[in-house]
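Letters go in sequence order (proteins before strands), and every chain restarts at 1.
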Protein chains: 2
Amino acid sequence: MKKLTLKDVAKQLGVSTATISNAFNRPDQLSANKRTEILEACKEIGYTGPNRAAQILRKGQSNIVALVLADSLDYMVTDPVANTFIQGVSRVLRENQKHLLLYAGDSDTITDVVDFVDGFICYGAPRNGALSTQLNQQSKPVVTVDFNLENRPAINIDNEKASYEIAKAALRPGDRAAILGLRLIDSPSTCRIYDSPLLDAESSITHRRLDGYCRALKETGIEVATDWIWNLPENAGMYAVQAAREVLQSSPRPDVILCMSDIIALELLQCALTMGIDIPGELRITGFDGIEEAARTRPYMATVCQSSVEKGMEAAKLLLSGDNTSMSLPYEIKLGETI
Amino acid sequence: MKKLTLKDVAKQLGVSTATISNAFNRPDQLSANKRTEILEACKEIGYTGPNRAAQILRKGQSNIVALVLADSLDYMVTDPVANTFIQGVSRVLRENQKHLLLYAGDSDTITDVVDFVDGFICYGAPRNGALSTQLNQQSKPVVTVDFNLENRPAINIDNEKASYEIAKAALRPGDRAAILGLRLIDSPSTCRIYDSPLLDAESSITHRRLDGYCRALKETGIEVATDWIWNLPENAGMYAVQAAREVLQSSPRPDVILCMSDIIALELLQCALTMGIDIPGELRITGFDGIEEAARTRPYMATVCQSSVEKGMEAAKLLLSGDNTSMSLPYEIKLGETI
DNA sequence: CTGTTAGCGCGTTCAT
DNA sequence: ATGAACGCGCTAACAG
């Protein structure tokens with residue numbers, strides 16, 4: 001039993017193909033009676049509507065939105081922040097009958113999908129920089145999140161200010177402070193940054209966070225040497241544990257450790273507790289993001305709560321609206337029990 | 001500047017459209033020389049290859065695989081188990097140059113994508129049962145995971161046996177035991193199951209887990225009344241907290257609580273610790289799944305570790321291979337520190 | 001309100 | 001090894 005085509009159906013019902021097509025796509029083009037009559041006949045013979053592949057070609061519209069993630073799906077999908085973002089995106093897409101295609105930021109090219117997708121949401125600078133260029137050269141709508149692309153609308157939070165504020169809340173004059181950073185330099189492993197050349201220092205949000213920390217440190221009269229700034233290549237527990245061990249074994253130990261994500265901060269917290277270090281008495285810790293797990297774990301983490309769900313929703317709305325206006329989203333400092 | 005079509009390019013290069021097409025798709029159809037010559041010319045004039053939308057229609061192949069999740073994306077994407085599964089799927093898809101479309105299990109229909117997608121991976125019984133029927137009626141390959149569809153290959157673990165084993169490890173004769181279950185009955189809120197009609201008792205994996213628990217309980221000579229079996233509508237912290245409070249406030253309190261997921265078990269653990277209950281001295285807890293967070297939180301949760309990454313990878317491989325052979329994956333009992 | 005027709009952009013036979 | 005021609009299944013414009 002071959003799949004029915006619109007033409008087959010038209011022949012069977014003794015009307016023209018256009019009428020069938022209109023019955024499905026343009027109700028105003030035929031009488032309500034005829035329409036329901038046709039639709040019912042179709043249901044009976046098992047025709048569920050025009051072939052989507054053909055529609056995509058013909059209309060140039062697929063109702064598919066590509067979400068370009070910063071890195072391989074493999075990695076991104078385990079990141080709770082990214083997931084919460086996806087959650088927001090998918091909520092709005094569903095309301096608008098759009099579908100979600102996940103696209104890896106370490107792909108070679110976007111040509112695999114650019115021809116049929118309706119638009120792109122780009123979450124973080126793609127690991128493969130060429131994608132940014134390609135995205136900007138093609139004509140479909142693009143919304144960027146947590147980074148910027150020339151002439152394309154963007155959604156951000158003020159990472160510098162947020163980091164400044166959480167650091168200010170944690171720091172006391174005379175503190176020894178360390179920083180556990182994320183993707184600050186181009187290294188595949190956990191390490192101190194020393195004098196390594198910075199990675200995307202202009203555009204990356206983690207460098208904005210570093211700027212904020214540094215401003216707070218300076219204001220508090222604290223200096224942090226580059227061997228007390230760690231770099232993690234990814235926001236994953238494995239790297240966090242490595243960095244946590246290194247920093248906790250420093251002697252003298254820091255009084256405060258500023259972490260660029262909650263995942264990092266939580267691993268650090270567990271390591272510290274296991275070593276019998278009193279939090280926050282002997283060591284204060286701050287995170288970043290405000291993930292659910294941080295709210296589930298005691299003591300509650302001091303962190304910057306950004307609503308990734310909101311971010312995702314706004315990104316999707318922005319894309320679908322076709323507007324070209326960038327926006328900055330609010331955040332909230334949560335003092336928690338770790339500072 | 002309009003987008004170049006294959007026809008444009010053929011005209012510009014003074015060859016036929018077939019030759020351009022062959023240069024991209026069928027290297028054996030023309031000389032290597034001519035081929036590289038054409039490919040380079042294309043690169044120069046900015047033609048990146050045949051339009052994908054047209055290719056999809058013509059070839060009936062899109063390189064897109066739909067992952068049908070059990071529920072709305074909105075919800076699924078926050079579930080760590082589902083995410084780990086997606087991770088596995090995406091790893092294999094990437095190796096095979098396929099792309100991933102996430103599809104919600106509470107959608108009305110699959111007609112939006114069935115015409116152009118290459119196949120379906122179905123992770124858990126879709127909340128909208130009609131999708132199962134539709135999936136089975138269409139002709140593209142389908143692989144099911146954690147549930148079964150007639151004549152389609154499936155991937156499972158032995159939930160009954162795993163649950164039996166973890167329960168056996170936790171239970172002592174004379175225990176008072178409670179169960180925090182997942183989707184056992186059709187209720188939108190946290191509640192005890194009492195005599196409510198069971199939901200999908202035949203096919204659902206959570207009922208298999210219940211079966212396993214019950215077998216272990218019976219063997220140990222323990223009875224559990226239906227007012228000590230809770231039902232959570234979703235695997236989310238919110239519901240888990242509600243159930244945790246109810247069960248911990250029971251008097252007398254249970255000695256063991258068997259939880260059908262780690263998320264539930266972890267929330268319960270936090271509640272119990274907050275109430276000053278000694279774990280495992282006064283209360284033993286078991287989880288299910290073996291999520292990362294459970295390995296990050298002290299005391300370590302006793303749980304059933306199933307490798308969701310493996311599951312995802314196997315599902316994707318199975319789909320791409322076209323095989324029709326179902327498989328059962330191994331699991332591992334982790335005793336942890338909570339029993 | 002209905003039917004006819006010309007593509008959307010391409011892949012593939014078939015003949016050369 | 002190459003080019004002409006047909007059709008994948010549909011929609012939009014137009015004519016009636």
Side-chain angles (χ1 to χ4, degrees), chain A residues 2-39 41-42 45-63 111-118 138-140, chain B residues 2-39 41-42 45-63 111-118 138-140:
Chain A
K2 237 191 68 183
K3 186 139 200 228
L4 287 171
T5 75
L6 188 145
K7 211 193 266 174
D8 299 335
V9 175
K11 202 179 295 171
Q12 269 195 48
L13 301 195
V15 295
S16 95
T17 59
T19 307
I20 307 287
S21 173
N22 286 333
F24 281 96
N25 304 315
R26 305 172 50 175
D28 54 308
Q29 298 294 301
L30 72 176
S31 68
N33 276 349
K34 187 128 201 165
R35 184 172 126 89
T36 53
E37 186 182 304
I38 288 181
L39 257 30
C42 285
I45 60 179
Y47 180 69
T48 52
N51 180 297
R52 302 292 167 174
Q55 276 189 319
I56 294 173
L57 175 60
R58 186 61 237 240
K59 297 207 202 182
Q61 213 220 41
S62 62
N63 292 328
T111 50
D112 276 8
V113 300
V114 69
D115 287 330
F116 64 83
V117 147
D118 289 349
Q138 58 83 46
S139 60
K140 308 221 167 155
Chain B
K2 237 193 66 184
K3 185 135 204 230
L4 288 170
T5 75
L6 188 145
K7 208 193 267 175
D8 300 334
V9 174
K11 203 180 295 173
Q12 268 196 49
L13 302 194
V15 296
S16 96
T17 58
T19 308
I20 307 286
S21 173
N22 285 333
F24 280 95
N25 304 315
R26 304 174 47 174
D28 53 308
Q29 297 294 302
L30 71 177
S31 68
N33 276 347
K34 188 126 202 167
R35 183 173 128 90
T36 54
E37 187 183 303
I38 288 181
L39 258 30
C42 285
I45 60 179
Y47 179 70
T48 51
N51 179 297
R52 302 292 166 175
Q55 275 190 319
I56 295 173
L57 175 59
R58 187 61 239 238
K59 296 207 211 187
Q61 211 219 41
S62 62
N63 292 327
T111 50
D112 277 7
V113 301
V114 69
D115 287 329
F116 64 83
V117 147
D118 289 349
Q138 58 83 46
S139 61
K140 307 220 166 157

Discussion item. Any heavy-atom pair between the side chains of F116(A) and L57(A) that's under 4.5 Å?
Written reply: no
Fill in: Distance test, side-chain N/O of K59(A) to OP1/OP2 of dA12(D), below 4.0 Å
no
Discussion item. Please report the distance, rounded to the nearest Å, between CG in L6(B) and P in dG7(C).
Written reply: 18 Å
Item to complete: Spell out, as yes or no, whether a donor-acceptor pair under 3.5 Å connects the side chain of R52(A) to the backbone of T111(B).
Response: yes
Discussion item. Given dC10(D), dC10(C), dT2(C), identify the nucleotide with an atom nearest to the side chain of T5(A).
Written reply: dC10(D)
Practice prompt. Can you see which heavy atom on V114(A) is nearest to which on Q138(A), and at what distance?
Written response: CG2-OE1, 3.7 Å
Practice prompt. May I ask you to verify if any side-chain N or O of Y47(B) is less than 4.0 angstrom from the OP1 or OP2 atom of dG9(C)?
Written response: no
Item to complete: Using atom CD1 of I20(A) as one end and atom P of dT2(C) as the other, report the distance to the nearest whole Å.
Response: 11 Å
Worksheet item: Looking only at heavy atoms, what is the nearest atom pair of R26(A) and L30(A), with distance?
Response: O-CD2, 3.9 Å
Fill in: Pairwise distance CG(D115(B)) to CD1(I56(B)) - rounded to 0.5 angstrom
11.5 Å
Worksheet item: With a non-hydrogen cut-off below 4.0 angstrom, is D115(A) in contact with a base, only sugar-phosphate, or nothing?
Response: nothing
Discussion item. If you compare every side-chain N and O of R58(A) against the phosphate oxygens of dC8(D) (OP1, OP2), does one of them come in below 4.0 Å?
Written reply: no
Item to complete: Let me know the distance between CZ of F116(B) and C1' of dC10(D), rounded to the nearest Å.
Response: 15 Å
Discussion item. Within the structure provided, determine whether I45(A) and L4(A) are in side-chain contact (heavy-atom separation under 4.5 Å).
Written reply: yes
Discussion item. Rounding to an integer number of Å, can you tell me how far K34(A) NZ sits from dC1(C) P?
Written reply: 12 Å
Item to complete: Calculate the interatomic distance between N51(A) atom CG and dC8(D) atom P; express it in whole Å.
Response: 11 Å
Listed pairs under 3.5 Å, donor-acceptor, residues 16-23 of chain A side chains, sequence neighbours left out:
{"unit_1": "S16(A)", "atom_1": "OG", "unit_2": "A18(A)", "atom_2": "N", "d": "3.2"}
{"unit_1": "S16(A)", "atom_1": "OG", "unit_2": "T19(A)", "atom_2": "N", "d": "3.4"}
{"unit_1": "S16(A)", "atom_1": "OG", "unit_2": "T19(A)", "atom_2": "OG1", "d": "3.4"}
{"unit_1": "S21(A)", "atom_1": "OG", "unit_2": "N25(A)", "atom_2": "ND2", "d": "3.4"}
{"unit_1": "N22(A)", "atom_1": "ND2", "unit_2": "A18(A)", "atom_2": "O", "d": "3.2"}

Item to complete: Please determine if a side-chain N or O atom of Q55(A) lies less than 4.0 Å away from the OP1 or OP2 oxygen of dG9(D).
Response: no
What nitrogen or oxygen pairs link the protein and nucleotides 3-5 of chain D at under 3.5 Å?
{"unit_1": "dG3(D)", "atom_1": "OP2", "unit_2": "S16(B)", "atom_2": "N", "d": "2.9"}
{"unit_1": "dG3(D)", "atom_1": "OP2", "unit_2": "T19(B)", "atom_2": "OG1", "d": "3.0"}

Discussion item. Rounded to whole Å, how long is the line connecting atom CG of L4(A) with atom C1' of dC10(D)?
Written reply: 15 Å
Worksheet entry | Separation of dG9(C) C1' from I56(A) CD1 (nearest whole Å) | 14 Å
Fill in: Integer-rounded Å distance: dG7(C) P and D8(B) CG
15 Å
Discussion item. Measuring to OP1 and OP2 of dT11(D), would you say a side-chain N or O of S21(A) lies under 4.0 angstrom away?
Written reply: yes
